[in-house]
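As structure tokens, the structure follows; a few thoughts come after it.
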Number of protein chains: 2
Amino acid sequence: MKKLKLEDVAALAGVSKTTVSRVINRRGSLSQKTIDKVEAAMAQLNYHPNVIAQQLHTQRTNLIGILVPSVANPFFGELTMYLEDALFQRGYKVLISDALNQTAKEERYLSQLMGHQVDGLIIATHNNKLEEYQHANLPIVAIDRFLRADIPVVASDNYAGAKLATEALIQRGCQHIIHTYTTNPSNWHDNQREKAFQAVMADHHLPAITYTTAFDCPPAERTARFERLFDEHPAVDGIFASNDLDAARLLSLARARGYRVPADLQIIGYDGAQATQELVPELATIIQPIEQMATYAVKLLADRMAGKFTPTSTVLPVNLKTGQTLKTLS
Amino acid sequence: MKKLKLEDVAALAGVSKTTVSRVINRRGSLSQKTIDKVEAAMAQLNYHPNVIAQQLHTQRTNLIGILVPSVANPFFGELTMYLEDALFQRGYKVLISDALNQTAKEERYLSQLMGHQVDGLIIATHNNKLEEYQHANLPIVAIDRFLRADIPVVASDNYAGAKLATEALIQRGCQHIIHTYTTNPSNWHDNQREKAFQAVMADHHLPAITYTTAFDCPPAERTARFERLFDEHPAVDGIFASNDLDAARLLSLARARGYRVPADLQIIGYDGAQATQELVPELATIIQPIEQMATYAVKLLADRMAGKFTPTSTVLPVNLKTGQTLKTLS
DNA sequence: CTGAAAGCGCTAACAT
DNA sequence: ATGTTAGCGCTTTCAG
């Protein structure tokens, strides 16, 4: 099967390439007769325009690159799904890139994505080497992380969420609360969740204990770290884990050690991806508005691409989901 | 910031466009001096070649489209991650498309993917309208579903997996076993897991009870269906759920009804995605070799694109993961 | 209303 | 070892 060109259609329809192009793009003025002829010819040949050639001219690909740490993580999987859907509705297709916490891979990606292969970029990864696209005048939107002053950020209300979580534990009688969270290059200097945790604990005159793990820490090591948490704080009666995967891990470690949840120990996570809620329905958590975050990010990106004014930062509200890992308030 | 062309670099380096092109592609013979000059010029201008123009010439995009039901599902999220990684290593980028169980969306996608915007396609969705790409001479590989005689399939050993699951329950004393699975256009005529379940049950002279849900059944309705399962079969003592999300759902419904797991009721799921194992570590399941499935699919696609011979069907082995939802064998 | 011709930015013969 | 020239398939002035 040889490649069909505009010319082949033109020849069959007995018109010029220009006319066929006009019919395809519904541009200029055509007689109905010509339109019919051309469309018949296209159908007969099963002709599909060569998108690449079209793009060469318009210099647009209608492709949006999205960088995530890993779609295998339920939160980012769901985020990706909503991003993809929102972009699809605006006529864009999605070039996905799983950074897999590998800085090298992410950098290669960024450099490849330049040269106008994508019309825009949505970034949700941690370990960005900003220099790579420092000079790119590519519209970019970041999700939940500050990249550069001129890149708009869409995030959920991390401070309010962490406050909700911490207060939920305190209200239910916890005295010995530990906060676990993941450190990464984009939050080490300004972690809203940690700040809220510290502030709420201070308000209640409680000691604020914190355990951190690196963003690229492998699962086994992460478990070891949490085992140590229980070794060092056997009297812990409340845990606020900054993501649901860690919360679930802590929950099962605690049960294995004989803690009764929520009687001895209460646990609350963070994220609230749909799949997580279905898999671990008993887990209390802070639900981020994943769909809205995606929708806003796409809207912002579209505005940027259209050269419109965009807010620097967009914060969306979160929700507390109680569950059997928390006591019921009397 | 205006657009940089090969010509700008050539001018700065004091050579011709061709030479710059040769330097970029490391083709032909160049003097080291020229190479240095050109690379300095590129660096100074922060020049990135226009990928679209390159593609117009080669008629290849190095883009592979992948169609999945939803990356928000841990199994497909993980599959996507591995596919992406394997493709990236071969120099391809991934155009992702979440069918979201919407036939209409999937069809629009398929038609857009034609016109040589992607060099190949990996399909893991259920509701394909094959006619759409009937005429496309696009290399395609399917994952876990038969699409057409000339499209190679990569799948895990569904028959062996279901056999393992069913026998695990029987070995542990289950007498009243129910199999739940999802029906979709690609398995209604030949569901290996259901067949294995039927066969093993028959071998043991046990009644084979089956509950099905449609692939596009919303979560709430799915839960209702499972509630009915318990209403109609209160004496159920073993459940083999054909995916882990359903298994987890059944587990929590059962606990809510007062079943002790595994004393009264044993449950085993299917899929074994990493995230699921971390979130619900107690769940016994059949682990599909997701990474290998992805690797093979990519290898097959690469072979197809290279015009090489490829097997029609590739079956990969699965593993039983026991867990606290099964009794321990004495 | 339609066609001829000039590019879009790059690569690959074909010179030199 | 390097430059000149002719396209890749399409869109778009500019004529008619």
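The figures here come from the full heavy-atom set of this structure, side chains too, leaving out hydrogens, waters and symmetry mates. In what follows, chains are A, B, ... by sequence order, proteins preceding strands, each numbered from 1.
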Please check the phosphate of C:dC1 (OP1 and OP2 only) for any side-chain N or O of A:T19 closer than 4.0 Å. no

Looking at side-chain heavy atoms only, is the closest gap between A:K37 and A:V23 below 4.5 Å? no

Does the pair B:I122 and B:V298 meet the rule for a side chain to side chain contact (heavy atoms under 4.5 Å, CB included), with working shown? CA-CA 8 Å; B:I122 296 181; B:V298 169; 4.2 Å; yes

Using five pairs at each end of the helix from C:dC1-D:dG16 to C:dT16-D:dA1 to define an axis, what is the angle between those two axes, to 10°? 40°

State, to 0.1 Å, how close A:T61 and A:Q55 come at their nearest heavy-atom pair, and which atoms those are. O-NE2, 3.3 Å

If you look at every strand shown and take non-hydrogen atoms under 4.0 Å, does A:S29 touch a base, only sugar-phosphate, or nothing? base

To the nearest 0.5 Å, tell me how far A:Y109 OH sits from B:K93 NZ. 6.5 Å

Check whether the side chains of B:T18 and B:S21 place a donor and an acceptor atom closer than 3.5 Å, and report yes or no. no

Any heavy-atom pair between the side chains of B:V20 and B:V15 that's under 4.5 Å? yes

Whole Å only: how far is the CZ atom of B:R26 from the C1' atom of D:dA1? 15 Å

Go along nucleotides 8-14 of chain D 5' to 3' and tag each nucleotide: B for a protein heavy atom under 4.0 Å from its base, S when only backbone or sugar atoms are that close, - otherwise. BBBBBBB

What integer distance in Å separates B:I52:CD1 from C:dT11:C1'? 16 Å

Are any non-hydrogen side-chain atoms of A:M81 and B:V68 less than 4.5 angstrom apart? no

Show your reasoning for whether side chain to side chain contact (heavy atoms under 4.5 Å, CB included) applies to B:V71 and A:F76. CA-CA 9 Å; B:V71 281; A:F76 290 106; over 6 Å; no

Using atom CG of B:D36 as one end and atom P of D:dA1 as the other, report the distance to the nearest whole Å. 15 Å

